[in-house]
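All remarks here apply to the structure that follows.
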2 protein chains.
Amino acid sequence: MELTPRQKRILRAVVENYIETAEPVGSKVITETEGLDVSSATVRNEMAALETLGLLEQPHTSAGRIPSPQGYRLYVNELMEAHRLSMQETTRINEALKLKMQELDRVIDQAGRIVSQFTKYPAFALATGNKRVTIRRFDLLMVEDSAFIVVVLTDSNMVRNKLVRLPGTLNEPQLQLLNTLLNTTFVNLTLEEITPELMRVASHAAGEAYGLISLVVSFAMEVLEELESRSFHTAGITKLLEHPEYKSLDRAQPLINYLSNESDGTYLPSPSQEETKIIIGPENLANELKDTSVVVASYDIGDNMRGIIGVVGPTRMDYARVTARLSYFAEGLSRLFGKGVLPPVEDSKKEE
Amino acid sequence: MELTPRQKRILRAVVENYIETAEPVGSKVITETEGLDVSSATVRNEMAALETLGLLEQPHTSAGRIPSPQGYRLYVNELMEAHRLSMQETTRINEALKLKMQELDRVIDQAGRIVSQFTKYPAFALATGNKRVTIRRFDLLMVEDSAFIVVVLTDSNMVRNKLVRLPGTLNEPQLQLLNTLLNTTFVNLTLEEITPELMRVASHAAGEAYGLISLVVSFAMEVLEELESRSFHTAGITKLLEHPEYKSLDRAQPLINYLSNESDGTYLPSPSQEETKIIIGPENLANELKDTSVVVASYDIGDNMRGIIGVVGPTRMDYARVTARLSYFAEGLSRLFGKGVLPPVEDSKKEE
DNA sequence: TTTAGCACTCGGCCTATCTGAGTGCTAAAG
DNA sequence: CTTTAGCACTCAGATAGGCCGAGTGCTAAA
C-alpha cells in the first residue's frame, strides 16, 4: 500500500527531526517546522496511521513518535535526499586522502581513523584479498659481510623488505648464488605451494645454506600471509559516547566491547557491491548490533584486492551525511590505489 | 616524622583494600582482613592520625577512609611489595613480544595494544629520536622499464622501500647513474642538510633527471622525518569504562577526549630514566590527569632512539601489578630492539 | 595505651507526589 | 469524507521527604 504524499512528508519530518534531536517527535513540532497547513490533530491522525503501518513507534503512550527500523528503511530508500558535500568538505577529504606511502595495513588503519573523524561515528576498515598473491621477484642487497637486505616484490606490486643479520659471514658471490636460487625456485608460488618446494630444496642443500634459504623464504611467506589475510581495524570507538543513546553506560558497554574485541568483521556484508550499503538495526546479523546501524562502502585495492570501510552508529544515524562522506572517501581510496601502487609521495602529518 | 610500624601496616591495608574494592575502607574491615590484634577503635584512632598527616582522607563524615595522593605516594615508595609475575604471565608476555617484523611505528602501536591488554588500563606508546638520522645507502632495483624500487638503509639500520612509477621509461645504465649520484651526494646527510644539497644539484641537472632525483630524495626525506618524529599511539581507551570511577560518563568523557585527541605526549616525563616511573594524580602536569595516575617505562630502540610506554588509570590503580608487567614488557622491548634490527622473523597472529 | 559503648552524621535508596508534553477520541465544522 | 478544536487521560522524569545503616569521634573504664 502506497503512502500519500502527506504521509511521506510527515514520515520524513519525523525521521529528520529525530535524527537531529534524539527526542521523540510530537505532532505539534511537525506542524511548526514543516510548512504544513494542517492542524496538529490531523498530523496526529496521520502519525497513528503510520504507526499501524509499522513505520513509526511510540516509546510510551504520552510521548512523541520515533521511526521504527522499517521507517528508517523507507526513509533511506525513498525519502532521503542525497547530501551534497560542500567544497570545503571535499577539499578536506581530498587533503586527508594524501596518505603517506606506507604498508597497506597502515593505510587502511588510517583510512578508518579519517572516516571516523569525518563522520563522528566509530569506523572500521578492512582489506580482503580474494586472489592468491605470489612473489614476483627477490632482491638481496649486501650491507656488511654479516648482514643483507631482502626485498620482495609481489605480483600485485607490493614491496616489502627486511634486514637480515647472520651469525657468520657471507660474500658477494654467495649472495648472488642465493639470489639466483630464490628467483628460480620460489617465484610465482602461492603460500601453500612454497612449503613443499622448501622441503624439496632442503633435501639436497647443505645445512648452513638451507638455514639461509629458509630464513628468506619464511619472510616471503610472512609477506604473502599478510597480504592475503583480512586485517581488521577500528577507530574512534569512543565517539559513540558523544551520542545521547549511549550516555548510559549499560547501553554503550556491550557495543563497545563488541567493537573492540570480537570484531573480526564477520558481521559485515561482503564487499561485492559497488554502491554504499546501509544496514539498519535489526537487519544486522550480530545480536550486539541489533539497535545499531552500519553504513559500508567498498573500494578497490589494485587489481586483486578489495577493501571495505564503514561506520557504526545508533539507528538514529545521519544517513544522508554519512553516506555522502563515506562514498566520496571510498571513491578517493579507489582512485588512490587505482594507480596499482601505494599512494604518492606526499606529506601530511595526520595522527588521529 | 616517621610512621610507626602499625601505622604503616594500616596505611598499606587501606591502600590495598581500596585498590581492590574501590570503596572507602572502614576500621572494621581492617581489623578483620589484617591479622591485627587490636580493636576497631584503635584502628580508628590510628586512621585519624594518618588523616591529620595527610595520608588518608574521608569522602564524607560517615564513610571509611581512602588514600590521599600523598598516601599513594608513600605506599608506592615504601610500602609496596614488588609484584612477582607468574610463569604463565611471563610466557604470555614473551609470546606477545614476538611481534611481526614491521615498520617501527606499527611495532610501537602494537606494543601499546599489548600493554593495554596485560594491564587492563589504557596504554600509550611513543618513540623519540634524540640523535639525527641519516641515510646510509640507496639501492635502486629495476622492475620494468617504467618502474623501479627504491630501498634506503639508514645509519640506524632501518630499511624502507617504495615502488616508483614513471611517466616515461628508463634503462638500466640510467638507473645505475642515478644510483651512483644518490650514493655519492645524498648519503650521510641529516634532514636539514639534504634540502640545500638538492638545490645545488637542481642548478646543474637536466629537468627530467632532476625530477627523478627529487622523487627519490623526497622519499628519503620522508623516511628520515618519520624516524625522527615522535609518533604517539594510544590503545584500549575504552578500558577506562570498566573501572567504577568512570561509570559516570561525566567523569570519563573529559579524560577520554583528552587521551584520544590532545594526546601528543606532552604530559609525559622525559624518558631519561631507566626505571619505571609512577606519577600519581595531582603530580601530573596536565589538568585532565589530575585525578589519574600514569605509570611509564622506557626502552631502547637501537642505538639512537628511545621509546616510552605506559598506562593511564585512576589513582586507585594496582601499582604493583601494573609496574611489574610494564617493566617486564619494556625490558623485553629493549632486548628485542637491542639486536640493532627490527624484531626476528616470527609469526604471531595478534590483532588488537 | 587500648577498648567497649554510644550518640551522631550523612550519602544512598526507596517512595510519594507533581508536572507537563503529548496522545486518542469525540463532536462539530468545512 | 476530511479537518479541526477541545478535553480527558497517560506516563516518564523531576523533586522532595524519610528511612537505613555503615562508619565515625568521643568518652570513660580497663
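Taking only side-chain atoms of B:Thr61, from C-beta outward, the nucleotide of C:dT9, D:dT24, C:dT23 with the closest atom is C:dT9.
Atoms NE2 (B:His60) and P (D:dT24) sit 10 Å apart, rounded to a whole Å. Rounded to whole Å, atom P of C:dT1 lies 19 Å from atom CG of B:Asp37. Taking atom CG on A:Leu56 and atom C1' on C:dG24, their separation rounds to 16 Å, with Å as the unit. Taking atom CD1 on B:Ile30 and atom P on D:dG23, their separation rounds to 11 Å, with Å as the unit. Between the CG atom of B:Asn45 and the P atom of C:dT1 there is a distance of 11 Å, given to the nearest Å. Remark: C1' of C:dA21 and CD1 of A:Ile66 are 16 Å apart, rounded to the nearest angstrom. A straight line from CD of B:Glu57 to P of D:dT24 spans 15 Å, rounded to a whole angstrom. Rounded to an integer number of Å, the gap from CD of B:Glu46 to C1' of C:dT1 is 10 Å.
Side-chain nitrogen and oxygen atoms of A:Arg65 include at least one within less than 4.0 Å of the OP1 or OP2 phosphate oxygen of C:dG24. Phosphate proximity of D:dA5 to A:Arg44: absent, as no side-chain N or O sits under 4.0 Å from OP1 or OP2. Close to C:dG20, at under 4.0 Å from its OP1 or OP2, lies no side-chain N or O of A:Ser62. For D:dT24, the OP1/OP2 oxygens have a side-chain nitrogen or oxygen of B:Ser27 closer than 4.0 Å. Taking 4.0 angstrom as the limit, B:Ser39 places none of its side-chain polar atoms (N or O) nearer than this to OP1 or OP2 of C:dT2. Dashed line: the shortest gap from a side-chain N or O of A:Arg6 to OP1 or OP2 of D:dT3 is under 4.0 Å.
B:Glu89 has a carboxylate O that lies under 4.0 Å from a charged side-chain N of B:Arg92, or vice versa, which qualifies the two as a salt bridge. A salt bridge does not link B:Glu23 to B:Arg316: none of the charged nitrogens lies less than 4.0 Å from a carboxylate oxygen. Note on B:Arg6 versus B:Glu34: no salt bridge recorded, every NZ/NE/NH1/NH2 to OD/OE distance being 4.0 Å or above. Of the charged side-chain nitrogens involved, none lies within less than 4.0 Å of a carboxylate oxygen, so that B:Lys290 and B:Glu283 do not count as a salt-bridged pair.
With hydrogens and angles disregarded, a donor-acceptor distance shorter than 3.5 Å links the side chain of B:His243 to the backbone of B:Lys120. Under a 3.5 Å cut-off, the side chain of A:Ser68 and the backbone N or O of A:Leu55 do form a donor-acceptor pair. Between the B:Thr323 side chain and the B:Tyr319 main chain, a donor and an acceptor come within less than 3.5 Å of each other.
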Task: Audit row: A:Glu16, A:Tyr75, side chain to side chain donor-acceptor pair (under 3.5 Å) steps and yes/no - done: CA-CA 9 Å; A:Glu16 291 181 352; A:Tyr75 169 76; 3.0 Å; yes
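Atom CG of B:Asn77 is surrounded by more than 12 heavy atoms from other residues, nucleotides or ligands within 6.0 Å.
Toward the 5' end of DNA chain C, the nearer of the two residues A:Pro24 and A:Ala41, judged by each one's closest nucleotide, is A:Pro24.
Side-chain atoms of B:Ser327 and B:Thr276 form a donor-acceptor pair, as typed in the model, at a separation below 3.5 Å.
Overall bending of the helix from C:dT1-D:dA30 to C:dG30-D:dC1, expressed as the angle between end axes built from five pairs apiece, is 20° (10° steps).
At a threshold of 4.0 angstrom between heavy atoms, the contacts of A:Ser40 with the nucleic acid are absent.
At a non-hydrogen distance threshold of 4.0 Å, nothing from residues 12-23 of chain B comes into contact with DNA chain D.
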